[in-house]
There are 2 protein chains.
Amino acid sequence: MSEKVFVSAEEVARKAGVSRSAVSRAFTPGASVSEKTRIKVMEAAEELGYHVNHLARGLMRNESGIVSLIVSDVATPYRSALLRELTQQLQAAGKVAMLINTDRSDGSVDLALRQAIRYRADASIILSGLPDKSIAQLCLRSGQRLVLINRDDDQPGPLRINLDDREAAGRVVTAFLRAGCTRLAFANSQAGTPSLMAREQGFVAAAKAQGLDVIVERHGSTGYEAGQIVAQRMLTRKERPDAVFCATDLLACGFMDAARHQFSLSIPEQLCIAGFDDIEQASWTSYHLTTFAQPVVTIAREAVTWLVEGWEDAPDGHALTLHADLVWRGSVRGG
Amino acid sequence: MSEKVFVSAEEVARKAGVSRSAVSRAFTPGASVSEKTRIKVMEAAEELGYHVNHLARGLMRNESGIVSLIVSDVATPYRSALLRELTQQLQAAGKVAMLINTDRSDGSVDLALRQAIRYRADASIILSGLPDKSIAQLCLRSGQRLVLINRDDDQPGPLRINLDDREAAGRVVTAFLRAGCTRLAFANSQAGTPSLMAREQGFVAAAKAQGLDVIVERHGSTGYEAGQIVAQRMLTRKERPDAVFCATDLLACGFMDAARHQFSLSIPEQLCIAGFDDIEQASWTSYHLTTFAQPVVTIAREAVTWLVEGWEDAPDGHALTLHADLVWRGSVRGG
DNA sequence: GCAGCATTTGCACACGCTTGCAAAAGCGGA
DNA sequence: TCCGCTTTTGCAAGCGTGTGCAAATGCTGC
């Protein structure tokens, strides 16, 4: 490709009439430099357009400043919101985010982690998929920090951030009962993600505890269309449910649209619906969906502070269970 | 932080009983190594969990493999869709994406580019904001490639990818006229982005060419709420518009919801609405919005191939105008 | 002016890799 | 076996930076 000609510390040193180490120290907070030479260096640097080469610095310091974010379905509302928060807070902490998209194949979480290792990322945050044990161990052995968000894995080492999905599902059941619903249903995708399954199982269990059975349907991937299709299946049954908990807001949106426009049901009068994630669309007037808020800023904060500061009390990873607040809107009666 | 101990080529060389150079060559496609030693090296590498240090490689090769994406409003449907496509295609081309979020301050595009320079990014793709001329020049002088997407800047050097916003706006006018509408309006945000303004001006101009005035309202940032507020303003006028072109699908969604639920208007019978971007929600049953599709995959493809291969015929940047296809749905009569 | 001390500076090595260059090894034919 | 040729290998220099160490400089109080 084109020959790159970045200006180096050498040139700045020459221009400022100091040694190269002086330049290096001028750009290293807390290093021993007199204010006078620091100024000289900074002026020369500014004039020449010098910027410290972080590749070289990372090589020396053994700390690249890079944190890799391993994500699939980046364009999804919840994922992109989390992404926004993570990049923001990483930057505020002086790190830089490397975004690795794992949409393609399935083993690509491993590929992504390999990429992270190649760039000597200080840490990797995994939002989707689950790495092979061996490669995860390799990361940890190499001194890389690992964060699993909503992955619900049990291997020690990484920081594992999860929500109280089960318990949240229980709260939905009581909300539905209080609304006078009796025929409960759970709409899920076939993704089989731990958090999705936890919501499903929590919902079914809590209903059973009240002596109620739950209609469960799973279809496709976790998106709007899947919600529509599940709705078609559920609402054509002879025993039509009167309260549906959707594993995800996207599913819920699809479900609501199908219920209203194909089956002319009014929500919440004839059908109560709850979702999970509190994506932006959930608050739109057309949906006004009662749902659980993902505490994205807390998630990001916990992840980033752990990465940056480390935790003394748990040198070897940690599990964190955050609370999902129920956001009452109009799709469930009562509230 | 924790001491990182990645395995180096040295160790692999020792284990495989070859020289360090042999290891390096084994991992360099097209380098001169016998198949026999390549195998030996690969086995040793696999066993030790060796991965080439791309920081060091980038230092030597003067090519980091990093491409920085400079974005604000990452969580927005259109932006995140473009992001998905870009990361995907960059990875397919052997590059890796560095995501820099510029939500915070306004001068932060410059800060972002500085960050890109520090990491010796091979290129930077700017999705939002506009860099200061001087810093952009610095990038180019340093041999960095620059892509501006929908920024509509005129400085030479970067690749500039834009849509035919003006012309698209003209097509909306004819569509509205064909639907029998006579009182046209344009809903915009106050962002004042070049592409948004181009749509507005194109719409106003095309209407004027037909002898029609246009009601223009601008409010806030380019989102759902702004759409609602603009709707409230427009629909409480004595001369209520019967066709509204929204600068953005998000604005359109807000506008539609306000029109339906606050003003009980039916779309498209009493009010025609068109948007721009073709975000996922535009296809949802509740909106079914007639809109222009951003050719995200084409945009990404053009950007990435230019970055990777360069263009001989235009060594020094280029401007590209892509076509936005009109997607007919139900929010405009006729079609 | 000078001893005693704290601060600043420069040298030189290290980080892990690529690559030009020359030496070594392989190979085919006489 | 030996020569000429091609392929493979190892050596060493270099990429741009950080940092320990010793030398140099500055400052204070006599």
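In the text below, chain A, chain B and the rest are named by the order of the sequence lines, each starting its count at 1. Here the structure is a predicted model, which is why all the values come from computation and not from measurement.
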| Contact residues, residues 40-48 of chain B to DNA chain C [heavy atom, < 4.0 Å] | none
| Partner set under side chain to side chain donor-acceptor pair (under 3.5 Å) for B/Asp103, not counting sequence neighbours | none
| remark: Taken in chain and number order and not counting sequence neighbours, the residues that satisfy salt bridge (charged side-chain N to carboxylate O under 4.0 Å, His left out) with B/Lys40 are none
[X] has an atom [atom1]; how far is it from atom [atom2] of [N], in whole Å?
X       : N      : atom1 : atom2 : value
B/Ile39 : D/dT8  : CD1   : P     : 13 Å
B/Arg57 : C/dG16 : CZ    : C1'   : 11 Å
A/Glu35 : C/dT7  : CD    : C1'   : 14 Å
B/Asn62 : D/dG16 : CG    : C1'   : 11 Å
A/His54 : D/dG16 : NE2   : P     : 16 Å
A/Glu63 : D/dT19 : CD    : P     : 10 Å
B/Arg25 : D/dT7  : CZ    : P     : 15 Å
B/Arg20 : D/dT9  : CZ    : P     : 16 Å

| message | Base, sugar-phosphate or nothing for B/Ser8? Non-hydrogen atoms, less than 4.0 Å. | response | sugar-phosphate
| message | Base, sugar-phosphate or nothing for B/Val23? Non-hydrogen atoms, less than 4.0 Å. | response | nothing
[N], OP1 or OP2 - any side-chain N/O from [X] closer than 4.0 Å?
X       : N      : answer
A/Ser24 : D/dG16 : no
A/Ser21 : D/dG18 : no
A/Tyr50 : D/dT17 : yes

| said: Between the base of C/dG16 and the side chain of A/Arg120, is there a donor and acceptor pair under 3.5 angstrom? | reply: no
Which pair of non-hydrogen atoms, one from [X] and one from [Y], has the smallest distance, and what is that distance?
X        : Y        : result
A/Leu307 : A/Arg145 : O-NH1, 3.5 Å
B/Val41  : B/Ala26  : CG1-CB, 3.6 Å
A/Gly157 : A/Leu140 : CA-CD1, 3.9 Å

| said: On DNA chain D, does the nearest nucleotide to B/Val18 precede the nearest nucleotide to A/Ala56 from the 5' side, or the other way round? Give the residue. | reply: B/Val18
| message | Just to verify, which of A/Arg120, A/Arg57, A/Lys95 counts as forming a salt bridge (charged side-chain N to carboxylate O under 4.0 Å, His left out) with A/Glu63? | response | A/Lys95
Of the candidate nucleotides [options], which contains the atom at the shortest distance from the side chain of [X]?
X       : options                : result
B/Ser34 : D/dT9, D/dG18, C/dT9   : D/dT9
A/Met60 : C/dG16, D/dT9, D/dT17  : D/dT17
B/Asn53 : D/dC15, C/dC17, D/dG18 : C/dC17
A/Val33 : C/dG10, C/dT9, C/dC17  : C/dT9

| said: Quick test of your reading of the model: are A/Glu11 and A/Arg14 salt-bridged, counting only N-O distances below 4.0 Å? | reply: no
| Parallel, tilted or perpendicular for A/Tyr119 and B/His54, by the 30°/60° rule? | tilted
| query | When you match B/Phe27 and B/Lys36 each to their closest nucleotide on DNA chain C, which lands nearer the 5' end? | reply | B/Phe27
